[in-house]
Each structure stands twice: as C-alpha cells, then as structure tokens.
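One structure is given here, and the rest of the page talks about it.
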There are 2 protein chains.
Amino acid sequence: MPFGKGRCWRFRRTQAREALIKLLSRTKGHLSAEEIFWELKKVLPGVGLATVYRTLDLLTEIGLIKRYDFKDGKARYEFIHNDNAEHYHLICKNCGKIIDYEVTLEEDPLKDFKNSIQKKFNFKIESSDLQFYGLCENCQKLEK
Amino acid sequence: MPFGKGRCWRFRRTQAREALIKLLSRTKGHLSAEEIFWELKKVLPGVGLATVYRTLDLLTEIGLIKRYDFKDGKARYEFIHNDNAEHYHLICKNCGKIIDYEVTLEEDPLKDFKNSIQKKFNFKIESSDLQFYGLCENCQKLEK
DNA sequence: TTATTATTGATAATAATTCTCATTTTCATT
DNA sequence: AATGAAAATGAGAATTATTATCAATAATAA
C-alpha cells in the first residue's frame with residue numbers, strides 16, 4: 001500500500017487518491033474511468049471526473065494499477081494485486097465477458113519469446129500487452 | 001486480390017475501395033486513418049474521410065487488412081501480405097519507432113500458449129493482439 | 001498558524017470516430 | 001446503351017473519451 005502512516009510517497013495524500021486506491025484495490029474487474037468516477041462519487045460526492053483521470057494516470061505511472069485497452073473505445077483499469085505475476089485477458093467478442101488468466105513470472109508463457117526478442121532486436125522490453133479475442137464456452141454453444 | 005475481372009465480391013467495386021486497397025497493399029508501414037485519407041486524396045481528390053473510415057472497417061472485417069492500436073490514440077492499419085504469418089510489433093516508447101516481427105504460423109511463439117488457452121478455458125481464439133513496449137537499440141544508447 | 005505549492009472541480013477544448021442524409025455510383029436487368 | 005433499385009459516397013454535424021485551463025481549495029513543511 002502506498003499510504004502508510006507517515007510520509008511515504010512523493011505525492012500528497014489526498015482524499016481522492018486514498019479513496020480511489022481503496023476502491024480499486026477492493027474491486028475485482030476492469031472498470032472504465034467513468035465507471036470508477038460514479039463509484040467514487042458514492043464515497044466522495046464532490047469528486048470531479050478530471051481528478052479521476054489524473055489519479056488513474058498517476059497510479060498507472062507509479063505502477064499501482066494497469067491500464068488495458070479491450071477495443072471498446074475506452075481504457076479500463078485494474079489494480080495490480082500480485083506484483084510477481086503476469087495477467088492476460090480473454091475477451092468474448094459475442095457477450096463481452098472478460099476472462100482473467102494470471103501466471104507467475106516464472107511460468108509466464110511469454111518468457112522465452114520475450115527473451116528472444118530482447119536478443120534478436122536488442123530491444124529492451126518494458127511492458128507487453130496481450131489480449132485474446134474470440135468466443136467463450138457459452139457463446140460457442142449458442143452459435144450452433 | 002479481391003478485385004479480379006468479373007464479380008468476385010459481395011460488395012461493389014468502387015473507385016474509393018479500389019484505390020484504398022491499391023494504396024495499402026503497396027505501403028509498408030502503419031498508417032492512421034487520416035494519413036491514409038491524405039494519401040488517397042492524391043489519387044482521388046474528391047474522397048471523404050468518412051469513406052476512408054468505412055472502407056477501412058470493411059477491409060478489416062473481410063480480413064484484408066488488420067487494425068492495430070499502438071496506444072497513441074488512433075488506430076493504425078496494415079495490409080496483410082502474408083496470410084500464413086503472425087505479425088508482432090515492438091514499439092519504442094522513446095522515439096516511437098515500430099519494429100515488425102513476422103513469423104510463420106508454424107513457428108509462432110504463441111502457438112503452445114494459444115492451444116493451452118483453448119483447452120484450459122474452452123475459449124475459441126479468433127484473434128490475438130500482442131505488442132511489446134520498450135526501448136529500441138538506439139534509444140537505449142541515448143539513455144546512458 | 002501560516003505560507004507555499006500541489007491538487008482539485010468545473011468546464012471548455014481537443015481529437016478520433018461515427019452518424020445523418022441528400023446525392024451519386026454501381027450493376028443486374030432490360 | 002438505357003433503366004431502376006440498392007449500395008456507396010461526401011459533407012458536415014454529432015458523439016465520446018480524454019486533456020487542458022484556471023481560479024479556488026487542501027495538504028504539507030515551517
């Protein structure tokens with residue numbers, strides 16, 4: 001947690017930031033900025049949408065949350081609960097369901113691929129972004 | 001090629017579509033809709049931006065081109081030259097350079113990962129989307 | 001407590017994309 | 001070649017997620 005008792009951050013401990021971190025850390029899912037805004041309003045009625053965007057940017061930069069693009073025109077945010085894991089998503093094109101797939105860094109299926117790229121192109125990977133689009137179990141049945 | 005001599009498509013053969021396909025098939029790179037619009041205007045001065053968007057959607061649906069999101073706020077499009085290959089991108093966060101990495105489907109580094117997902121979640125993958133963000137060779141040197 | 005300065009909320013601005021609709025093209029059928 | 005129905009187009013308005021602006025407020029160090 002970035003907020004302990006004393007000063008432990010290079011940023012100010014504001015109500016908006018505390019509330020937003022608390023909200024996201026307790027939410028399983030992939031909320032958009034606007035969804036987060038409305039949720040946050042329940043706790044902090046005066047909060048503004050711009051602050052939500054600014055705070056999401058900040059937390060993304062710090063690495064406390066991750067921003068995802070699932071191709072529906074808006075960014076989605078997720079709290080990073082496990083620092084030692086990679087997190088992949090399967091997105092159903094039919095019903096929109098998002099399936100999470102988490103693996104430890106050690107057993108990351110992309111590990112070898114990433115290593116080979118770093119060598120082959122002398123490219124230093126800082127982050128990667130992988131999504132799978134298709135049909136979930138349920139929607140496959142419905143198609144028949 | 002979708003345009004042969006006679007009727008070979010379920011869509012009409014229009015000037016805009018022919019010109020756009022010709023343009024993209026000859027362009028190496030990752031053009032945005034607007035860049036494509038201005039290029040197309042050189043050949044077809046009367047063309048409208050909406051038509052460009054509509055045609056790009058159409059060609060994407062058909063599978064003649066692929067739409068990519070490199071996190072710069074606009075979609076980018078690329079002609080699919082090789083149907084039997086997967087195409088990955090390395091994007092330099094510093095200079096914006098995009099490195100293409102193409103592999104045949106047989107030697108796709110994601111092959112096993114995809115198979116395991118299809119089994120594990122009973123999820124039918126239709127497409128996947130993988131980008132690597134980081135520092136290219138040149139920008140790594142500059143950082144020092 | 002106070003002074004400093006980061007942060008905020010409201011709202012305007014931006015920018016990519018989509019929508020609307022009257023007009024024009026395409027193409028199968030004469 | 002001419003015709004008519006439907007598809008496609010261009011111009012611009014509308015939409016929508018996100019950013020920028022700026023005066024007011026809140027958080028921190030002193």
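Proteins get letters first, then strands, A, B, ... in listed order; numbering begins at 1 in each.
Of the candidates B:F113, B:F123, B:F121, A:Y88 forms a ring pair (Phe, Tyr, Trp, His ring centres under 6.0 Å) with just one, namely B:F113.
We find that CD of B:Q15 is positioned 8 Å from P of C:dT25, with the value rounded to whole Å. In this structure, CD of B:E18 is placed 12 Å from P of D:dT9, rounded to the nearest angstrom. One atom, CG of B:L58, and another, C1' of C:dT17, lie 17 Å apart when rounded to the nearest Å. If you take CZ of B:F37 and P of C:dA15, they are 16 Å apart, rounded to a whole angstrom. Remark: P of C:dA16 and CG of A:D69 are 16 Å apart, rounded to the nearest angstrom. Taking atom CZ of A:F11 as the reference point, atom C1' of D:dA26 lies 17 Å away to the nearest angstrom. Taking atom NZ on A:K71 and atom C1' on C:dT17, their separation rounds to 16 Å, with Å as the unit. One atom, CG of B:L56, and another, P of D:dA8, lie 15 Å apart when rounded to the nearest Å.
Between the two ends of the helix from C:dT1-D:dA30 to C:dT30-D:dA1, each summarised by a five-pair axis, the helix axis turns through 40° (rounded to 10 degrees).
Residue pairs meeting the ring pair (Phe, Tyr, Trp, His ring centres under 6.0 Å) criterion with at least one partner in residues 44-64 of chain A, sequence neighbours excluded, are absent. Pairs engaging residues 60-69 of chain B under the salt bridge (Lys or Arg N to Asp or Glu O under 4.0 Å) rule: B:D57-B:R67 [sequence neighbours left out]. Residue pairs meeting the salt bridge (Lys or Arg N to Asp or Glu O under 4.0 Å) criterion with at least one member in residues 127-141 of chain A, sequence neighbours excluded: A:D129-B:K71. For residues 86-103 of chain A, every residue pair satisfying the salt bridge (Lys or Arg N to Asp or Glu O under 4.0 Å) rule, not counting sequence neighbours, is listed here: A:E86-A:K114, A:K93-B:E126.
A donor and an acceptor atom never sit less than 3.5 Å apart when one is taken from the side chain of A:R13 and the other from the base of D:dT28.
Between A:R12 and D:dA26 there is no side-chain N or O to OP1 or OP2 distance below 4.0 Å. Contact check, B:T51 against D:dG10: a side-chain N or O comes under 4.0 Å of OP1 or OP2.
Checked against salt bridge (Lys or Arg N to Asp or Glu O under 4.0 Å), B:K28 has no partners two or more places apart in sequence or in another chain. Contacts of B:R54 classified as salt bridge (Lys or Arg N to Asp or Glu O under 4.0 Å), with partners at least two apart in sequence or in another chain: none. With sequence neighbours left out, the salt bridge (Lys or Arg N to Asp or Glu O under 4.0 Å) criterion links A:K111 to no other residue. Judged as a salt bridge (Lys or Arg N to Asp or Glu O under 4.0 Å), and not counting sequence neighbours, the contacts of B:D72 are B:R76.
In summary, the aromatic rings of A:Y101 and A:H89 are positioned with their centroids too far apart to meet the 6.0 Å limit.
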Anything under 3.5 Å between a protein N or O and an N or O of nucleotides 16-21 of chain D, put it in a table, one pair a line.
| from | atom 1 | to | atom 2 | distance (Å) |
| --- | --- | --- | --- | --- |
| D:dA17 | OP1 | A:K74 | NZ | 3.4 |
| D:dT18 | OP1 | A:A75 | N | 2.9 |
| D:dT18 | OP2 | A:Y53 | OH | 2.6 |

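Under the 4.5 angstrom side-chain criterion for Ile, Leu, Val, Met, Phe, Trp and Tyr, B:L105 has no cluster partners at all.
Within a heavy-atom distance below 4.0 Å of DNA chain D, the residues of residues 39-46 of chain B found are B:G46.
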